[in-house]
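Report on the following structure.
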Amino acid sequence: ASVVVNDLRAFLRRNPRIGHIYFNGDAARRLYERRVRPALTPRQKRIPWLALPSTSPAHAGLTLQQKIKAWSVISRDLASGC
């Protein structure tokens, strides 16, 4: 209840070329689903999203190399023009 979410609807309206949304961990994705997505426009709701492994050291389930490999999807998406 104490979390203040960013106004992603306004941000996406000002930046219409955004083609993907990436989350730093599943907690961020859950907040998006619960608190942000309901307020988005239908077009904004269609923007593909992906929850990536948290970069936090507390997320010790993966090695640094595994996290780097997972996060590299962003550079692949950018290179493909997505």
Separation of Leu62 CG from Thr55 OG1 (nearest 0.5 Å):
11.5 Å
Which residues satisfy the side chain to side chain donor-acceptor pair (under 3.5 Å) test with Thr41, sequence neighbours excluded?
Gln44
Sequence neighbours excluded, the answer for side chain to side chain contact (heavy atoms under 4.5 Å, CB included) partners of Thr63 is Gln65, Gln66
Could you give the distance from CH2 (Trp71) to CG (Leu50), rounded to the nearest 0.5 Å?
9.0 Å
What verdict does the side-chain contact (heavy atoms from CB on, under 4.5 Å) test give for Leu12 and Ile47, after you've listed the backbone C-alpha separation in whole Å, the side-chain angles of each residue and the deciding distance to 0.1 Å?
CA-CA 10 Å; Leu12 293 172; Ile47 297 172; 3.9 Å; yes
Trace of the side-chain contact (heavy atoms from CB on, under 4.5 Å) decision for Tyr32 with Ile21:
CA-CA 10 Å; Tyr32 168 80; Ile21 299 170; 4.1 Å; yes
Closest non-hydrogen contact found for Ala51 with Gly25 is CB-O, 4.3 Å
Under the side chain to side chain contact (heavy atoms under 4.5 Å, CB included) test, which residues partner Leu31, sequence neighbours left out?
Val3, Arg35
Same apolar cluster (I L V M F W Y, side chains within < 4.5 Å links), Val73/Leu78:
yes
Those residues at least two apart in sequence (or on a different chain) that pass side chain to side chain contact (heavy atoms under 4.5 Å, CB included) with Asn15 are Phe11, Ile18
Will you find, in the side chains of Ser72 and Arg76, an N or O donor that is under 3.5 Å from an N or O acceptor?
yes
Could you report the tightest heavy-atom contact between Pro48 and Gly19, atom names first, then the distance?
CD-O, 3.2 Å
Please collect all salt bridge (charged side-chain N to carboxylate O under 4.0 Å, His left out) contacts where either partner lies in residues 19-34, sequence neighbours excluded, each pair once.
Asp26-Arg29, Asp26-Arg30
Output all residues satisfying side chain to side chain contact (heavy atoms under 4.5 Å, CB included) with Lys45, sequence neighbours left out; order by chain, then residue number.
Arg37, Leu40
Inter-residue atom distance Trp49.CH2 - Tyr22.OH, 0.5 Å rounding:
13.0 Å
Okay, side chain of Lys67, backbone of Ser56: is any donor-acceptor separation there less than 3.5 Å?
yes
